[in-house]
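Read the structure below first, then the notes.
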Protein chains: 2
Amino acid sequence: MRASELTLVRNLPLFHEVADPHFEYLTAAALLQRFPPHVVLIDEGALPDFLHIVVEGSVELFAAHDGRETTIDIIRPVTTFILAAVIRDEVYLKSARTLTEALILMLPAEKVREVFSKDAAFARAVVNELALRYRGVVRALKNEKLRSSAERLANWILKSDEQQGRAGHVTFACDKRTLASQLGMTPENLSRNLSLLSKHGIKSGSREIVIENRSALSAFAQPTSLIDG
Amino acid sequence: MRASELTLVRNLPLFHEVADPHFEYLTAAALLQRFPPHVVLIDEGALPDFLHIVVEGSVELFAAHDGRETTIDIIRPVTTFILAAVIRDEVYLKSARTLTEALILMLPAEKVREVFSKDAAFARAVVNELALRYRGVVRALKNEKLRSSAERLANWILKSDEQQGRAGHVTFACDKRTLASQLGMTPENLSRNLSLLSKHGIKSGSREIVIENRSALSAFAQPTSLIDG
DNA sequence: AGACTCGCTTGATTTTTATCAAGCGCCGAT
DNA sequence: ATCGGCGCTTGATAAAAATCAAGCGAGTCT
């Protein structure tokens, strides 16, 4: 593994305070692997062998049941995913697959649990990470149950614009099919919702969205830190 | 506070391994309070002052936004709730109110965080608790997004029957309005779904449900440990 | 260049769920 | 026992979202 990637991981809040020997112990047995797009990394129902960390690319967390499928989250660098199953040594509740080509660091689950029980600083960092993720899922649940699909889209546009520097034009990082799934709607309804939102301050092109009237969009979206973070 | 309640709390996985002086420190400043039904204990958006523990009665976690409201979970004794906000010292994302009369133990949030940073055993117990809760919310999200309202009800019946000893008859712990909210449907649809399920092995009375054909109900419900735990 | 592919859009229809509006029945109070 | 009240049920309607079915259009391949 290259030093640059190790540094990236070392700088994650999760590993920043871990004692040097413990960090070396974890990474000595780590695997750094490059995957093509659309490869399944984790199958729900399986027991965790590794703690996964996205170093490059993006990963979709999803779940399937009885023929239906739903996207739960999209993970971008540099982030761990599905920590809870690793810590509790219980089956994964979600599956994971690459969306793009991706570079994934995998730390042996057993060693993560070992360091967790020896290294108090790591244990505290795990708590913070888990608490953060917990809050993320609660937000997702509220977003789903308290908003219509058009409102979810409107808030996604506002949030993406923030992340892209409030420039007033949002570019799609993935195809619309994936975006629709992420927002909990069909591609058809994403299309309809985009044209609906043209009545609320946006203009949507094929590759980007332009925010022409932020306050109108905001009035429709009703963003709140209690859902949108 | 009475010794019997202290013992109950002490026996929670969260507090079982905490060093004696730390446990005493936490509980010395604790408040044990009895609340009438339908009292709001926590307002989403507020900063946490206490870690709450339900000792008796039941508490509903819910969230509201833009005139809509949704039940997120029902908490029964003996359990802590909304630990993540306390640990991170960030605003609550959910509100809480008593459903029945309830006895609530409240530990000062500041002291919880203090013991958390001093007591490694407590930190590890917090991780386990948070990981468990995290998985609970993921299950709730999957239940919501991968199932119809009738399927949620069918699985609720099966699960309640398990918890009541597989006797084949489930009694309602709360009124149907509350149950409907918990299952993410209107009271009208709960009623319709109950009559729908009479085609799938149940007989529903006003105070209880009888499972007449468990395998038929199960075939309709498609229960799975990846959602139902 | 022309035709093809594939992703996106648009329209029509169905399913699911919520909302509105009566009606029914159990239970307590008088 | 009878009268009200209230929670539950039932029916009719409406809204939201999924599904089915074409059509369009920006790229690519030959």
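In what follows, chains carry the letters A, B, and so on, assigned in the order in which the sequence lines appear, proteins first and then strands, with residues in each chain numbered from 1. Values below: all heavy atoms of this structure, side chains included; hydrogens, waters and symmetry mates excluded.
For the pair B:Leu194 CG and D:dG7 P, the interatomic distance rounds to 18 Å; values are reported in whole Å. In this entry the distance linking CG of A:Leu146 with P of C:dT17 reads 17 Å, nearest Å. If you take CG of A:Leu190 and P of C:dC8, they are 9 Å apart, rounded to a whole angstrom. Between the P atom of C:dT5 and the CZ atom of A:Arg177 lies a distance of 19 Å, rounded to the nearest Å. Between B:Glu208 atom CD and C:dC26 atom C1' there is a gap of 16 Å when expressed in whole angstrom units. Remark: P of D:dA17 and CZ of A:Arg68 are 17 Å apart, rounded to the nearest angstrom. Atom CD in B:Glu188 sits about 16 Å away from atom P in D:dT13, given to the nearest Å. At whole-Å resolution of the value, CG in A:Leu183 and P in D:dA17 are 12 Å apart.
Contact between the side-chain N/O atoms of A:Ser149 and the OP1/OP2 oxygens of D:dA17 is found at a separation under 4.0 Å. Look at B:Asn189 and you won't find any side-chain N or O under 4.0 angstrom from OP1 or OP2 of C:dT17. OP1 or OP2 of D:dA18 sits under 4.0 Å from a side-chain N or O of A:Thr186.
Nearest nucleotide to the side chain of A:Arg192, out of C:dG11, D:dT10, C:dT9: C:dG11. Picking from C:dT17, C:dT10, D:dT9 the nucleotide with the shortest atom distance to the side chain of B:Ser148 gives C:dT17. Checked against D:dG11, C:dC8, C:dA18, the side chain of A:Asp175 finds its nearest nucleotide in C:dC8.
DNA chain D is contacted by both B:Lys176 and A:Met185; B:Lys176 maps to the nucleotide lying nearer its 5′ end (nearest heavy atom per residue).
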Please test A:Arg68 against B:Lys145 for side-chain contact (heavy atoms from CB on, under 4.5 Å), starting from the C-alpha separation and ending with a verdict.
CA-CA 9 Å; A:Arg68 281 158 282 191; B:Lys145 294 185 73 169; over 6 Å; no
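Note on B:Asp73 versus B:Arg133: no salt bridge recorded, every NZ/NE/NH1/NH2 to OD/OE distance being 4.0 Å or above. Taking 4.0 Å as the cut-off between side-chain N and carboxylate O, A:Arg97 and A:Glu69 count as a salt-bridged pair. Salt-bridge check for A:Arg177 with A:Glu188: failed, with every basic side-chain N at 4.0 Å or more from each acidic carboxylate O.
A donor-acceptor contact shorter than 3.5 Å is absent between the side chain of B:Asn143 and the backbone of B:Arg139.
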